[in-house]
Structure formats: structure tokens, C-alpha cells
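Whatever order the structure lists ligands and atoms in, that order sets their numbers, starting from 1.
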Amino acid sequence: MNKKYHIVTYGCQMNVHDSERIAGMLTELGYSSCDSMEEADIVVFNTCCIRENAENHAYGNIGMLKKLKANKRDMIIAVGGCMPQQIGKADILHKKFPYVDIIFGTHNLNHLKEYIRLKESGKKSVIEIYDSEGEIVEGESPLRTSYPNAWINITYGCNNFCSYCIVPYVRGRERSRRSENVIAEARSLISEGYRELTLLGQNVNSYANGTDDIRFPQLLEKVAAIDGKFRLRFMTSHPKDFSEELARAIASNGKICHLVHLPVQSGSDRILKAMNRKYTAADYLKKIEILKKYVPDCAVTTDLIVGFPGETDEDFRATLDLVKEVGFSSAFTFVYSKREGTVAAKMENQVPEEVSKERIMELVALVNSQTREQSAKYVGHTCEILCEDYDTKRGLFLGRDEYGRMGYFNSDKNVIGQFVNIKVNEANGVSLMGEIV
Ligand code: 5AD
Ligand code: SF4
């Protein structure tokens with residue numbers, strides 16, 4: 001009988017791609033994907049711990065499986081990724097959810113196949129967490145689920161230790177894949193028909209730091225030089241490492257999208273210092289100026305945190321001012337979440353929840369108004385969309401332009417994976433409505 005798997009993913013793009021790696025392993029074991037936990041013979045939770053609500057979400061979902069498992073004893077439940085990688089968390093998870101069969105972390109994700117085999121051969125439970133990261137594994141076969149987009153890891157881990165962030169503790173020290181492996185993967189994806197590649201890392205700008213390999217701007221140029229029509233993106237850049245050379249590289253090849261995600265987090269120098277971000281608001285604005293010098297039409301998106309310990313009203317106003325000055329094309333906004341084990345968790349002056357709530361509402365309103373303003377500029381113009389999907393509810397195809405704006409349109413034939421020009425008739429907040437021309 002055909003065995004089925006269902007993967008539940010929380011968190012960032014890195015995790016989405018890790019889930020594709022997990023799906024590849026499950027496929028090799030003879031499982032095929034299904035849409036619901038009820039149908040599944042194995043359910044894998046690929047967790048995130050960057051904010052408390054991501055953890056709570058996972059706790060809730062794992063808890064809901066207790067009943068299902070009681071009626072379906074052969075079903076395997078695996079919980080992996082960032083949450084169990086936190087010190088002591090695997091034991092907590094095991095005690096709270098004794099019916100979970102497999103618990104693994106980020107550093108041993110590539111061993112999941114062995115753990116499933118052990119479980120299938122009768123082992124009661126498999127709980128394994130590695131303390132530190134191992135060698136980078138090459139030659140995996142991720143089962144990609146986002147055609148025509150494909151994600152390519154170029155660095156793993158992070159060395160920055162921003163004071164609020166748990167990532168360096170659960171993803172380990174920064175390490176980079178060899179450029180020849182990245183380029184070979186990119187080449188093979190293009191020949192398979194993928195039309196948009198995104199190079200992924202916590203801080204792609206420090207790619208290959210301290211090694212004899214090429215640096216990020218050259219890597220970008222080399223991948224862009226591969227034959228074929230495709231788009232090239234990258235995520236995430238740390239402002240402190242964003243260089244003029246990178247701005248020049250972006251301008252050097254039309255395949256590299258004019259969109260940079262450059263998380264600023266705060267507009268207050270005092271808070272940026274306490275966050276250990278290693279730049280000031282003025283430094284950040286200077287980086288944007290350099291970027292725009294070479295790529296004048298470059299869209300910039302960002303991440304912002306409100307309610308960091310000690311954030312005063314004045315600090316928050318500085319964030320609003322910076323947002324106004326830069327004019328981000330969109331932004332992810334977060335309320336600070338205290339993460340045990342980080343430096344900020346020990347800081348005094350934690351901001352009351354009501355204050356953070358008020359601030360986030362004001363910030364979201366500002367960001368949304370900027371996004372709407374920028375979308376409105378598209379009306380009456382034509383833009384090139386890479387069609388990604390079909391929205392069955394709306395009965396429309398959708399995709400993004402190079403600046404990351406989502407566009408919806410009608411088409412008689414399936415154009416997923418194709419570049420289409422649409423004339424924009426309407427802008428609806430974050431997305432555009434248009435017709436093929
Ligand atoms: N609380 C709130 N937001 C956080 N981020 C990282 N850690 C935290 C935290 N403890 C945000 C940052 C980062 C994005 C991926 O998540 O803005 O850029
Ligand atoms: Fe976290 Fe900072 Fe590293 Fe980003 S750069 S993953 S925010 S520690």
C-alpha cells in the first residue's frame with residue numbers, strides 16, 4: 001500500500017526549503033504526499049522558534065494529534081527543526097507529547113531517513129539532537145514544491161548574535177557551501193525549467209567569509225551568467241555587510257532582480273546598539289544611497305521590531321521617521337518576543353504588551369500606506385510577471401514582478417512558469433490586478 005506523508009512547516013523561507021529536503025527524504029522512503037494529517041502515515045512538524053507565537057502554534061498543532069494517534073497507532077509523528085534544537089526543549093517536548101515518535105533538531109535533519117527506518121522497524125521512539133552543526137551535506141534531492149521558483153541554500157547558521165535572536169543558537173555558526181556546488185545546483189535547476197532562483201542564507205553578504213572561495217557579489221554574477229531566461233533573487237542581507245560591490249553586481253546583470261531585503265529592525269541608534277546590530281540609522285541610510293546610486297529603481301523591503309527592551313516613545317518615533325525616509329516597498333513588522341537564552345531576555349525594562357500593541361498598529365498603518373502608494377503607481381503601466389500559481393477561489397492566475405509585487409490576471413491557457421506582460425488596471429493594497437497584453 002502506498003504510504004503517505006504530511007509536513008507542517010512553521011517560520012521562514014529557510015524552513016520552507018528544509019521541508020522540501022524532508023519531502024525528498026520521505027519520497028526516497030516510498031512515501032507520497034497527502035493534504036491532511038488524517039490521511040497521513042507520517043506527519044512531520046518542521047518547527048520554528050524565532051518568536052513565541054510560532055512555538056505556541058506548533059504546540060497547539062502537535063497537541064491536536066493526540067486523539068488521531070490514539071485511533072491510528074501506526075501513524076508516525078516526527079517533530080524537528082529549530083524548536084527541539086533549543087537546549088532542554090527536546091525533553092520538554094517528549095514529556096508534553098509522549099505520543100511523538102521522533103524528535104530531531106536542525107543539525108541532524110539530514111538523518112531523518114534513518115530515524116524513520118528505526119521507527120518502522122519497531123523502535124519505541126527516536127530522540128536525537130546534535131549539539132553542534134556537522135559537515136554541509138551535498139547531493140540531497142529536495143522535493144521542490146514551488147515551481148517555477150526554487151530555493152538554494154548558500155550559507156547555513158549565523159554569527160551575528162543580534163541580542164534578541166535565537167537563530168545563532170539553533171542554527172549554529174555560519175558556514176557556506178562551496179560556490180561550485182551552488183553554481184552546479186543553479187545550472188541544473190535552470191535546465192529543469194525553474195525560472196526564479198533565490199539564494200538563501202541568514203546573511204548572504206558574508207558568504208564564504210574567511211575561506212578561499214569567491215565572495216557573494218561574484219557568486220551572484222556567476223549564477224546570473226548561466227544561460228537561459230530566469231530571475232535571480234537573494235535573502236537575507238545584513239546592512240553591516242552590504243557593500244558597494246554588491247550594489248554594482250546587482251546592476252551588472254538584468255537577471256538579478258532589483259529588490260533587496262535589508263532588515264533594519266529599528267530606526268533608533270540606542271536600540272540598534274542594544275540589539276547588537278553594528279550600524280546606526282545614518283549608516284543604514286548611506287547603504288540605501290549606495291544601492292540607489294547603482295540601481296536607482298531598486299525596491300527595498302525590511303524587517304522591523306517594536307517593543308525591544310527599553311524602547312521609548314522617542315525610539316519608536318525614530319523608527320517611524322526612518323520608514324518614512326526610506327519608503328520601503330513592503331515590510332515585515334514584529335512585536336519583540338522574549339527568547340530564553342538570548343542576551344535581550346535578561347535586559348530590564350521589558351516594554352508592556354499594550355504599549356507594543358499600540359506601536360505595532362501605528363507602524364503597520366504607516367507601512368501599509370506606503371505599500372498602497374507604491375502599488376498605485378503601477379496603474380496604467382505594463383509589468384512583467386512570472387506566473388507562479390492559479391488561485392482557484394478567485395479564478396485568476398498570479399505571480400510577481402521583479403520588484404516582488406504580486407499581480408493577478410486572467411488567462412485562457414495555463415501560463416504557470418511563463419513570463420507574461422500584464423497591463424495593470426487596479427492596485428489593491430499589496431497586489432495588482434491586470435490583463436495580459
Ligand atoms: N522577536 C521579534 N522578532 C524577531 N526577529 C528575530 N528575532 C525576533 C524576536 N525575538 C525578526 C527580525 C528578523 C526576522 C527574521 O525576525 O526582524 O529579521
Ligand atoms: Fe538573527 Fe541577527 Fe542572525 Fe538575522 S543576523 S539570524 S536577526 S542573529
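Between R177 and D213 there is no salt bridge, since no side-chain N of the basic residue sits under 4.0 Å from a carboxylate O of the acidic one. K89 and E55 are joined by a salt bridge, as a carboxylate oxygen and a charged side-chain nitrogen come within less than 4.0 angstrom of each other. With respect to the salt-bridge test (charged N to carboxylate O, under 4.0 angstrom), the residues K240 and D283 do not qualify. At a threshold of 4.0 Å, the pair R178-D212 counts as salt-bridged, since one of the basic side-chain nitrogens sits closer than that to a carboxylate oxygen. A salt bridge is defined here as a Lys NZ or Arg NE, NH1 or NH2 lying under 4.0 Å from an Asp or Glu carboxylate O, and E28 with K113 meets this definition.
Of all heavy-atom pairs between H107 and G172, the closest is CE1-N, 3.8 Å.
At least one protein heavy atom sits closer than 4.0 Å to atom 1 (Fe) of ligand 2.
Contact atoms of ligand 2 toward Q202: 6 (S) (distance under 4.0 Å to a heavy atom of the residue). Short contacts between ligand 2 and H238, defined as distances under 4.0 Å to a heavy atom of the residue, involve ligand atoms 5 (S). Taking every heavy atom of F161 and a limit of under 4.0 angstrom, the matching atoms of ligand 2 come to 8 (S). Less than 4.0 angstrom separates some heavy atom of R339 from each of these atoms of ligand 1: 10 (N).
Residue contacts with ligand 2 for P168 involve side-chain atoms from C-beta outward but no N, CA, C or O (heavy atoms, distance under 4.0 Å). Under 4.0 Å from ligand 2, the heavy atoms of Y164 that appear belong solely to its side chain. Contacts between V335 and ligand 1 below 4.0 angstrom, taking non-hydrogen atoms only, involve the backbone exclusively. Within the 4.0 Å heavy-atom criterion, neither part of M14 lies near ligand 2.
Aromatic rings of F104 and Y130 (six-membered ring for Trp) have centroids beyond the 6.0 Å cut-off, not under it. Between Y10 and H57, a ring centre-to-centre spacing shorter than 6.0 Å is recorded. Ring centers of Y336 and Y164: at least 6.0 Å apart, outside the cut-off.
Protein heavy atom closest to atom 10 (N) of ligand 1, with residue, atom name and distance, is S337 O, 2.8 Å. Residue, atom and distance of the protein heavy atom nearest to atom 17 (O) of ligand 1 are Q265 OE1, 2.6 Å. With respect to atom 5 (N) of ligand 1, the closest heavy atom belonging to the protein is R51 NH1, 3.3 Å. N160 ND2, 3.4 Å is the protein heavy atom nearest to atom 5 (S) of ligand 2. Of all protein heavy atoms, the one closest to atom 3 (Fe) of ligand 2 is C158 SG, 2.3 Å.
Not a single heavy atom of R171 sits under 4.0 Å from any atom of ligand 2. Contact between T236 and ligand 1 is absent, with no heavy atom of the residue lying under 4.0 Å from the ligand.
Inclusion of C162 in the first shell of atom 1 (Fe) of ligand 2 is not supported: no N, O or S atom falls under 2.8 Å.
Within the set I50, T342, D303, the minimum heavy-atom distance to atom 18 (O) of ligand 1 is found for D303. Among Y336, Y164, F308, F334, the residue whose heavy atom lies nearest to atom 8 (C) of ligand 1 is Y164.
If you take CG on N205 and CZ on F242, they are separated by 7.0 Å, rounding to the nearest 0.5 Å.
Geometrically, R51 engages F334 in a cation-pi contact defined by less than 6.0 Å to the ring centre and at most 45° from the axis.
With hydrogens and angles disregarded, no donor-acceptor distance shorter than 3.5 Å links the side chain of N428 to the backbone of L432.
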